[in-house]
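The structure appears below as structure tokens.
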Amino acid sequence: MSRIVYVNGDYLPEDEARVSVFDRGFLFADGVYEVTSVLGGKLLDFAGHAKRLQRSLDELEMANPVTEDELLAIHRELVSRNGIEDGLVYLQVTRGAADRDFAYPKDAKPTLVLFTQSKPGLADSPVAKSGLKVISIPDIRWGRRDIKTVQLLYPSMGKMAAKKAGADDAWMIEDGFVTEGTSNNAYIVTGNRIITRHLGNEILHGITRAAVLRFAREAQMEVEERAFTLDEAKAADEAFITSASMFVMPVVEIDSVKLGDGTPGPVATRLREIYLEESRQAAV
Ligand code: PMP
């Protein structure tokens with residue numbers, strides 16, 4: 001079955017969907033995106049993703065082509081038309097098509113594209129039992145990582161470097177401190193304390209991060225939001241990452257240094273359970 005995708009108001013078979021070669025998303029990476037997970041046919045944390053989308057658009061002075069209610073309806077329609085039980089909805093807004101010019105065009109119409117990815121058993125990934133291996137790479141991205149733009153080439157390169165090194169992902173390092181993973185937020189656990197970088201322009205404000213920190217505090221876990229060094233991470237009792245598609249995923253090795261006994265730690269494992277349980281309950 002070919003997917004049905006959404007492009008600027010139309011639901012189309014994926015091979016009939018078209019975007020202009022003059023689209024600024026294509027020419028300038030002048031676009032922002034969101035990825036929302038689907039479990040049991042329902043959307044996880046949709047409101048959080050819609051809010052961050054609006055923030056990304058505002059920071060780039062880009063118009064939002066739809067209201068939050070319309071966006072929710074489009075998500076639901078795609079989930080339903082594609083029979084998604086577990087998977088992802090990808091959404092991208094670009095500034096639209098215009099003759100090539102660095103200055104923002106005055107009257108371009110934003111492009112809105114959404115598509116689904118079916119991932120049966122998304123929440124039962126065997127990786128959650130074995131944990132991820134990460135390598136460290138320098139963070140050479142631009143200075144507005146809080147805006148969720150489609151400029152993802154360096155994270156792609158980082159992922160490839162990790163694969164070549166026999167690892168699963170890369171953590172990015174700036175001035176000795178861990179910023180985040182290629183497509184996720186990074187955490188360490190020392191004693192009973194969960195440490196993750198504070199919010200700022202240096203990292204993406206993860207929707208999963210916000211939820212997980214809230215659940216951790218509600219469960220009386222200690223949370224410290226501050227930058228931590230790569231050395232501190234390698235000496236930590238455990239580590240994990242969060243993202244909309246991976247939820248909470250344990251990290252068991254950093255640059256070939258095993259954390260603890262080299263298996264997923266109790267804090268990451270517990271947080272994953274809590275996150276999945278709470279998010280499923282609140283899903284729309
Ligand atoms: N940081 C980066 C760089 C990311 O790309 C992502 C996922 N898109 C995240 C963090 C995690 O954000 P979220 O929990 O909203 O998926």
Side-chain angles (χ1 to χ4, degrees), residues 29 31-39 43-57 59 71 75 87-93 114-115 117 119 122-123 125 128 132 134-162 168-174 177-188 194 196-216 225 227-228 239-251 268 271-272 274-276 278-279 282-283:
V32 299
Y33 76 109
E34 285 294 331
V35 178
T36 304
S37 272
V38 179
L39 288 181
L43 299 156
L44 265 56
D45 227 331
F46 174 80
H49 289 284
K51 192 164 168 223
R52 185 174 60 189
L53 172 67
Q54 188 59 56
R55 180 178 182 278
S56 294
L57 291 169
E59 290 297 315
L71 202 56
H75 275 73
L88 308 172
V89 181
Y90 176 91
L91 163 167
Q92 181 169 332
V93 183
L114 288 94
F115 59 79
Q117 290 181 295
K119 309 249 178 206
L122 181 63
S125 165
L132 298 173
V134 303
I135 60 165
S136 61
I137 58 171
D139 196 338
I140 60 165
R141 296 174 301 161
W142 77 327
R144 289 304 306 274
R145 303 161 192 156
D146 56 310
I147 308 175
K148 197 166 168 62
T149 75
V150 295
Q151 310 173 73
L152 296 174
L153 189 52
Y154 188 64
S156 279
M157 290 169 74
K159 197 83 168 176
M160 291 314 292
D168 304 293
D169 201 6
W171 278 13
M172 294 181 277
I173 314 295
E174 191 168 55
F177 293 98
V178 175
T179 52
E180 56 190 333
T182 58
S183 58
N184 44 70
N185 290 114
Y187 306 72
I188 57 172
I194 299 161
T196 192
R197 195 179 177 104
H198 52 283
L199 296 180
N201 295 345
E202 301 78 20
I203 62 167
L204 185 75
H205 302 187
I207 300 305
T208 321
R209 177 190 182 281
V212 164
L213 293 188
R214 189 172 72 246
F215 298 144
E225 293 180 68
F228 58 88
F240 62 93
I241 55 143
T242 64
S243 77
S245 56
M246 302 272 269
F247 314 117
V248 177
M249 194 58 86
V251 168
L271 277 176
R272 182 178 172 88
I274 298 175
Y275 175 78
L276 283 170
E278 298 276 348
S279 305

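Just follow the structure's listing: the first ligand is 1, and inside any ligand the first atom is 1.
- Not a single donor-acceptor pair under 3.5 Å links the side chain of D146 to the backbone N or O of H205.
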Is there any protein N/O under 3.5 Å from an N/O of ligand 1, and what does the full list of such pairs look like?
| unit_1 | atom_1 | unit_2 | atom_2 | d |
| --- | --- | --- | --- | --- |
| ligand 1 | 1 (N) | E180 | OE1 | 2.6 |
| ligand 1 | 8 (N) | K148 | NZ | 2.3 |
| ligand 1 | 14 (O) | I207 | N | 3.4 |
| ligand 1 | 14 (O) | T208 | N | 3.0 |
| ligand 1 | 14 (O) | T208 | OG1 | 2.6 |
| ligand 1 | 15 (O) | R52 | NH1 | 2.8 |
| ligand 1 | 15 (O) | R52 | NH2 | 2.9 |
| ligand 1 | 15 (O) | I207 | N | 2.8 |
| ligand 1 | 16 (O) | A244 | N | 2.8 |

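- Below 30°, between 30° and 60°, or above 60°: for F247 and Y275 the angle between ring planes is between 30° and 60°, a tilted geometry.
- For the salt bridge (charged side-chain N to carboxylate O under 4.0 Å, His left out) condition, the pairs that include at least one residue of residues 198-215, sequence neighbours left out, are R209-E225.
- Proximity of a side-chain donor or acceptor of R197 to a complementary backbone N or O of E180 within less than 3.5 Å is not detected.
- Checking side-chain atoms of S37 against main-chain N and O of A244 turns up a donor-acceptor pair under 3.5 Å.
- Side-chain atoms of S56 come within 3.5 Å of backbone atoms of K148 as a donor-acceptor pair (strictly under, hydrogens ignored).
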